[in-house]
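Written below as structure tokens is the structure these notes are about.
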Amino acid sequence: MTLASGFRRIEDGLDRGDAFTFFMDDTPVRAYRGESIAAALLVAGRRHSRLTTRLRERRGPYCVMGVCWECVVVVDGCPNVRSCVTPAAPDMRVETQHGPGAGGDG
């Protein structure tokens, strides 16, 4: 299934279990067990997860291995959560992070 974002999930021949919903800035996002927050957001068409401090530039997954801090989000009130390596969970509340992650961005 190809989506507007150009990203898609591999669906055929996989038993992914039941889909569940988490929320990104109060918008429901579908995910599956074992899928990262960033993966679910990309499939849903959301390419950014934080805004830089000075210029309010959009940032999102870059290294996709938890090193660069570009994809950090606020999860259930906790900032600086790396969305690329954090599994999505049912009813999780994810918010756009405003400002740098622990690595800084100026």
Side-chain angles (χ1 to χ4, degrees):
M1 173 176 168
T2 302
L3 303 170
S5 67
F7 295 95
R8 65 184 189 91
R9 284 190 177 92
I10 298 171
E11 303 276 357
D12 297 334
L14 294 178
D15 179 13
R16 295 176 106 357
D18 294 331
F20 60 85
T21 301
F22 71 92
F23 298 88
M24 176 66 181
D25 294 331
D26 296 322
T27 301
V29 177
R30 184 180 75 156
Y32 290 93
R33 176 181 31 88
E35 193 167 58
S36 71
I37 295 168
L41 290 175
L42 287 170
V43 172
R46 177 77 181 250
R47 294 187 182 199
H48 70 280
S49 55
R50 76 174 181 92
L51 299 173
T52 62
T53 304
R54 287 190 307 238
L55 300 177
R56 313 302 288 166
E57 295 173 318
R58 294 177 177 184
R59 295 285 196 253
Y62 180 72
C63 74
V64 195
M65 61 183 187
V67 175
C68 73
W69 295 90
E70 292 295 326
C71 69
V72 292
V73 291
V74 178
V75 175
D76 295 330
C78 181
N80 296 321
V81 176
R82 295 175 185 129
S83 67
C84 68
V85 295
T86 302
D91 300 319
M92 175 184 273
R93 297 284 173 179
V94 180
E95 300 170 39
T96 299
Q97 180 156 321
H98 296 272
D105 75 331

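Note that the structure is predicted; figures quoted are calculated from it, not measured. Note that these values count all heavy atoms, side chains included, but never hydrogens, waters or copies made by symmetry.
Legend: residues meeting side chain to side chain contact (heavy atoms under 4.5 Å, CB included) with Pro79, ordered by chain and number and at least two apart, are Val74, Gln97. Listed by chain and number, the residues in a side chain to side chain contact (heavy atoms under 4.5 Å, CB included) with Val75 are Ile37, Val73, Val81, Met92, Val94 (sequence neighbours excluded). Checked against side chain to side chain contact (heavy atoms under 4.5 Å, CB included), Arg58 has the following partners two or more places apart in sequence or in another chain: His48, Leu51. Residues passing the side chain to side chain donor-acceptor pair (under 3.5 Å) test with Thr21: none are found, sequence neighbours excluded.
Going from atom OG of Ser83 over to atom CD of Glu70 covers 10.5 Å, rounded to the nearest 0.5 Å. One distance of note links CZ of Arg50 with CZ of Arg56; it measures 10.5 Å at 0.5 Å rounding. Put simply, CZ on Phe22 and CZ on Arg30 are 11.5 Å apart, with the number rounded to the nearest 0.5 Å. Glu95 contributes atom CD, which lies 8.5 Å from atom CE of Met24 (distance to the nearest 0.5 angstrom).
For the pair Gly66 and Cys84, the tightest heavy-atom approach, listed with the atom from each and the gap, is N-SG, 3.3 Å. Val67 and Cys63 make their closest contact through N-SG, 3.3 Å (heavy atoms, listed as atom of the first residue, atom of the second, distance). Contact record, Ala31 with Ala88: CB-CB, 3.9 Å, taken as the closest heavy-atom pair. Summarising the geometry of Phe20 relative to Tyr32, their closest heavy-atom pair is CE2-C, 3.4 Å, with the distance given to 0.1 Å.
Identified under the salt bridge (Lys or Arg N to Asp or Glu O under 4.0 Å) test for residues 74-92, with sequence neighbours left out: none.
Ion pairing between Arg33 and Asp18 fails under the 4.0 Å rule for side-chain N and carboxylate O. Salt bridge Glu57/Arg59: present, at least one basic N to carboxylate O contact under 4.0 Å.
Applying the 6.0 Å contact sphere to CZ of Phe23 captures more than 12 heavy atoms from other residues, nucleotides or ligands.
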Using atom types as modelled, flag every donor-acceptor pair under 3.5 Å from a side chain in residues 38-45 to any protein atom, sequence neighbours excluded.
none

For Arg46 and Val29, what are the C-alpha separation, side-chain angles and deciding distance, and is it a side-chain contact (heavy atoms from CB on, under 4.5 Å)?
CA-CA 10 Å; Arg46 177 77 181 250; Val29 177; over 6 Å; no

